[in-house]
Number of protein chains: 2
Amino acid sequence: MDKLDILQKHISLKVDIDSADLDRFVALTTPRTIEKGEFFIRSGQVARYQAFVLKGVLASYSIDTKGEKHVVQIAIEGHWISDLYSFLSKEPAVFTIEALEKSELLLMSNENHERACDEIPVFERFFRLLTQNALVHHQRRISHIYSESAEDRYLNLIKEKPEIAQSVPQHYLASFLGIKPQSLSRIRKKIAENAR
Amino acid sequence: MDKLDILQKHISLKVDIDSADLDRFVALTTPRTIEKGEFFIRSGQVARYQAFVLKGVLASYSIDTKGEKHVVQIAIEGHWISDLYSFLSKEPAVFTIEALEKSELLLMSNENHERACDEIPVFERFFRLLTQNALVHHQRRISHIYSESAEDRYLNLIKEKPEIAQSVPQHYLASFLGIKPQSLSRIRKKIAENAR
DNA sequence: CGTGTGCATTCACCTATGTTAATTAAGGGA
DNA sequence: TCCCTTAATTAACATAGGTGAATGCACACG
């Protein structure tokens, strides 16, 4: 699929947009390729951009006082990612965002994001709907963390987001599930035994 | 504080608004008093309204297959609450929302929410910013659930949101923290002993 | 081709939280 | 006021997941 098609399809899911507006939107972004292991955002620095993922995978995580990483988002094609708080407030980021493989992004600066929202009503609407969706998603995630075992969450992840489960190293998956790699290994072993 | 003042102060934090627009906003809401123990939204039914809390406390929770409740949000004065997914999509709600004490709400129907966003740009902006804020909050919450013990989360809650910690029965607090009431008791006991 | 670095796995042991159940305290309605 | 229901506490025991350490594997790099 053509790169613009990915973006257009994504936007069209939320709002009606004509090709002139799509062009205006694209003009507010800059393409960037990011290599595996590179950082899109480092905690402590201000996140000047948000990114739309055209291709590849990125993970957003916090690092606790013991140096442990805790993955809060894994973004694949068609997702947006940033340290939203930092992006909006220009305060230092608390999350670090790393490319898990070579990826292609469309970057939108804070200034252009504000401009898009100010000047083009359909984009303000788009970002409102996008954010509402993400919020719904996060509320559900919290309720799942609370009501399901790690094993159930893993099974669910495999079922609901196989693209993610397959394209991400296991220790990132474990972290995303809120457990240690050893525990994920144990869970996988148990599942394999039960399946036998 | 006058009720309209609460709303105005809340909106003014995010956008500049004149009193004519404030009046238009208020005209799109209807006041409602809800008694302790009453349900604002029941899971399985469509959430036709979102509520701005003028006074009181409400909790939003899911109920799992074992009948256990899992509190995902506690809303006090100045907060908005609904089953956002249901409110936006008109699908049945997955969360149940209950008043933990007698509360006063301003209700906004889905139709009026859409009208506000369509017709008054400053309100579309307001809801975008409101939702972005909530999303930031939820991302942080997930990272805290993953990186902190229940004890630390409890201490943090007391410190950061004393109004909530004090006005809500402990078993709701426990659920909000993701633990059982017995565990919260144990944690409180330990904290009390250490303080001695 | 070796070889080193990091990932996944396994295991033995540990700890925080869950479970069950009994006891007490507190609040709401007849 | 009394009673009944629900909330909070405590304790003994169970368990999911964490911890630390050892092993094997694989792929990138010389």
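Chain identifiers are assigned alphabetically (A, B, ...) following the order of the sequence lines, protein sequences preceding nucleic acid strands; residue numbering begins at 1 within each chain.
In this structure, B:Gly178 reaches the sugar-phosphate backbone alone: every heavy-atom distance under 4.0 Å involves primed, P, OP1 or OP2 atoms, never a base.
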What side-chain donor-acceptor pairs closer than 3.5 Å can you find for residues 160-173 of chain B, not counting sequence neighbours?
{"residue": "B:Lys161", "atom": "NZ", "partner": "B:His137", "partner atom": "NE2", "Å": "3.3"}
{"residue": "B:Ser167", "atom": "OG", "partner": "B:Glu163", "partner atom": "O", "Å": "2.7"}
{"residue": "B:Gln170", "atom": "OE1", "partner": "B:Arg188", "partner atom": "NE", "Å": "3.3"}
{"residue": "B:Tyr172", "atom": "OH", "partner": "B:Glu98", "partner atom": "OE1", "Å": "3.3"}
{"residue": "B:Tyr172", "atom": "OH", "partner": "B:Glu98", "partner atom": "OE2", "Å": "3.1"}

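Relative ring orientation between B:His10 and B:Trp80 is described as tilted, the plane-to-plane angle lying within the 30° to 60° band.
Side chains of A:His144 and A:Asn156: no donor on one and acceptor on the other come within 3.5 Å.
Between B:Asn110 and B:Tyr49 the shortest side-chain heavy-atom distance does not fall below 4.5 Å. Side-chain contact between A:Phe52 and A:Met108 is absent, with no heavy atoms from C-beta onward closer than 4.5 Å. Contact check for B:Ile6 versus B:Glu77: side-chain heavy atoms found under the 4.5 Å cut-off. Contact of the A:Asn194 side chain with the A:Lys190 side chain is registered, since non-hydrogen atoms from C-beta on lie closer than 4.5 Å. Side-chain contact between B:Phe176 and B:Leu157 is present, with at least one heavy-atom pair separated by less than 4.5 Å.
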Strictly under 3.5 Å: I want the nitrogen or oxygen pairs between protein and nucleotides 14-16 of chain C, one per line.
none

Shorter than 3.5 Å, N or O on both sides, protein versus nucleotides 7-11 of chain C: list them out with atom names.
{"residue": "C:dA8", "atom": "OP1", "partner": "A:Gln170", "partner atom": "N", "Å": "2.8"}
{"residue": "C:dA8", "atom": "OP2", "partner": "A:His171", "partner atom": "N", "Å": "3.1"}
{"residue": "C:dA8", "atom": "OP2", "partner": "A:His171", "partner atom": "ND1", "Å": "2.9"}
{"residue": "C:dT9", "atom": "OP1", "partner": "A:Arg188", "partner atom": "NH2", "Å": "3.4"}
{"residue": "C:dT9", "atom": "OP2", "partner": "A:Gln170", "partner atom": "OE1", "Å": "2.7"}
{"residue": "C:dT9", "atom": "OP2", "partner": "A:Ser185", "partner atom": "OG", "Å": "2.7"}
{"residue": "C:dT9", "atom": "O5'", "partner": "A:Ser185", "partner atom": "OG", "Å": "3.2"}
{"residue": "C:dC11", "atom": "OP2", "partner": "A:Lys189", "partner atom": "NZ", "Å": "2.9"}

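A salt bridge links A:Glu68 and A:Lys180; the closest N-O separation between the charged side-chain nitrogens and carboxylate oxygens is under 4.0 Å. Taking 4.0 Å as the cut-off between side-chain N and carboxylate O, B:Arg125 and A:Asp118 count as a salt-bridged pair.
Contacts between residues 56-69 of chain B and DNA chain D, counted as heavy-atom distances below 4.0 Å, involve no residue at all.
Atom pair B:Ile145:CD1 and C:dT17:P shows a separation of 13 Å (rounding to whole Å applied). Counting to the nearest Å, the P atom of C:dG27 and the CG atom of B:Leu100 are 16 Å from each other.
Of all heavy-atom pairs spanning A:Ile191 and A:Glu151, the tightest one is CG1-OE2, 4.0 Å.
Read 5' to 3', the first and last nucleotides of DNA chain D with an atom closer than 4.0 Å to a heavy atom of chain B are D:dA7 to D:dA11.
Membership of the apolar cluster around A:Val94 extends to A:Val72, A:Phe95, A:Ile142, A:Ile145, A:Tyr146, B:Val72, B:Val94, B:Phe95, B:Ile142, B:Ile145, B:Tyr146, as traced through chained side-chain contacts below 4.5 Å between ILVMFWY residues.
Checked by atom type and distance alone, the side chain of A:Arg153 pairs as donor or acceptor with a backbone atom of A:Leu177 at under 3.5 Å.
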